[in-house]
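Right, one structure below, let's go through it.
Each residue takes its place number in the sequence, starting with 1. Order of appearance sets the numbers: ligands from 1, and atoms from 1 within every ligand.
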Amino acid sequence: MALSFNTSNSLYDFVVREGNGVKGVSDLGLPEVPDRYIQPPEERINKQESRTCDAPPIDLSKLNGLEHEKVVDEIVRAAETLGFFQVVNHGVPLELLESLKHTAHKFFSLPLEKKTLYRAGVSPAGPVTRLATSFVPEKEKTWEWKDYISMIYRSDEEALQYWPNLCRELVLEYLKLSSKMVRGIVEILIRNLGVTIDDSKTEQIMGDKVVNFNYYPPCPNPELTVGLGRHSDLGTITVLLQDEIGGLYVKMEEDNDAGKEEWLLIPPIPGALVINIGDILQILSNGKYKSAEHRTTTTSTRARVSVPLFILPIATERIGPFPEAVKNVGFARYREVLMQDYMNKYFGNAHEGKKKIIDFARINSA
Ligand SMILES: O=C(O)CCC(=O)C(=O)O
Ligand SMILES: [Fe+2]
């Protein structure tokens, strides 16, 4: 019987071709995950060995008061060190955030024939919605325990025509109500490089937006699998909404004294949004801001959802370090690359960490 997944082809057909995704596998209630999901030992996440990030969330409402400079410093320092921070009082209504999480669950609970209307590669909704599983299942030896839908924003009209009925208005509302915060954070980070920011520069670095619903269904073997393998984000910044289950781990720049990688749990904080620096901002800042590797665990009992909003330059932009950022260091760490080429590199590889991708733009990568 096909569902015994005797061959890797039968699993591929069920999960990818027929669009059941890993949720389909989870719903079968198998006692163990199929082999294709078992990570090599070095990629498994040891929750007991990881510490929790204890940095308090940054209160963005204070940007409007006497503590403006202090808050700017907090944002800059976090971007220069861990590359991740959390924000509260960000101006996005908390009910909207709750609705997003609830709607992500609802979307993945739709019957297969409704969901697969949005499947990557076959959907008439074409390039602006992409329902997919793992990351690049054709290229990955081991699959991630995750399904997701990407909604690519180019205009309200297109979103209202092609994004799923269930969430199109809500996600548009989220984009609208988060835009002031996103712009504010990006402007603070760019200004701090000594760069004068005007509308054309803003457009250059935050012209494109993509919202994902990530869905990590219950997994019988959380200790053997990952929700999302090690990667850094592609764009300028990412705004991440996570639920109360948690499971997001970020790699610290330096290994510990024993030469081992250290991963920090970014704990769920009610009402907070997680902000992280993407590869493009690391390049633009000539390495001053850190695009950190991160990954997620799976859990055995409940499905976890997260909603990242990726802010990216448009595909036709040429991306290289700002001259002011080069001057600060004395030399350029990265060459100029076409955003489209960087994206091709990013999406053409499995999640095997950041270095392999960003080295594409690095000068003297040896
Ligand atoms: O689910 C999470 O907490 C992280 C998601 C993420 O890193 C991504 O979608 O790039
Ligand atoms: Fe990510």
Q.
Tell me whether Asp198 contacts the main-chain N or O of Lys201 through its side chain, where contact means a donor paired with an acceptor under 3.5 Å.
A. yes

(Q) Please classify the Tyr148 to ligand 1 contact at 4.0 Å (heavy-atom distances, strictly less than): side chain, backbone, both or neither. (A) neither

Q. Where does Val274 meet ligand 1, judged by heavy-atom distances below 4.0 Å: at the side chain, the backbone, both, or neither?
A. neither

Q.
Check Lys209 with Asp156, please: is the shortest side-chain N to carboxylate O separation under 4.0 Å?
A. no

Q) Do NZ/NE/NH1/NH2 and the carboxylate oxygens of Arg230 and Glu43 come within less than 4.0 Å? A) yes

**Q.** Test of ring centre spacing under 6.0 Å for Tyr249 and His294
**A.** no

Q: Of the side chain and backbone of Leu228, name the one, both, or neither that has a heavy atom under 4.0 Å from an atom of ligand 1.
A: side chain

Q) So which bit of Phe135 gets within less than 4.0 Å of ligand 1, heavy atoms only: side chain, backbone, both or neither? A) neither

Q.
From the N, O or S atoms in His294, identify the one nearest to the Fe ion (ligand 2).
A. NE2

Q | Donor-acceptor pair, side chain of Glu140 and main chain of Val136, under 3.5 angstrom | A | yes

Q: Considering only non-hydrogen protein atoms, determine which one is nearest to atom 4 (C) of ligand 1 and report residue, atom name and distance to 0.1 Å.
A: Thr296 CG2, 3.7 Å

(Q) Below 4.0 Å from ligand 1: does a non-hydrogen atom of His294 turn up there or not? (A) yes

Q. How long is the gap from CD on Glu74 to CD on Glu67, to the nearest 0.5 Å?
A. 8.0 Å

Q: With atom 3 (O) of ligand 1 as the reference point, say which of Lys146, Arg304, His231, Arg295 has the nearest heavy atom.
A: Arg304

Q.
So, regarding Tyr216 and ligand 1 (criterion: nitrogen or oxygen to nitrogen or oxygen, under 3.5 Å), is there a contact or not?
A. yes

**Q.** Lys/Arg N to Asp/Glu carboxylate O, Asp359 vs Arg362, below 4.0 Å
**A.** yes

Q) If you count the atoms of ligand 1 from 1 in the order shown, which ones are under 4.0 Å from a heavy atom of Pro308? A) 9 (O)

Q) If you measure from the Lys or Arg side-chain nitrogens to the Asp or Glu carboxylate oxygens, is any gap between Glu80 and Lys290 under 4.0 Å? A) no

Q: Just need the protein heavy atom nearest to atom 9 (O) of ligand 1, so name the residue and atom and give the distance.
A: Asn214 ND2, 3.0 Å

(Q) Restricting to N, O or S atoms, which atom of Asp233 is closest to the Fe ion (ligand 2)? (A) OD1

Q.
With side chain to side chain contact (heavy atoms under 4.5 Å, CB included) as the test, pick out the partner of Tyr118 among Leu110, Val128, Leu131.
A. Leu131

Q) Between Asp233 and ligand 1, which part of the residue brings a heavy atom under 4.0 Å of the ligand: side chain, backbone, both or neither? A) side chain

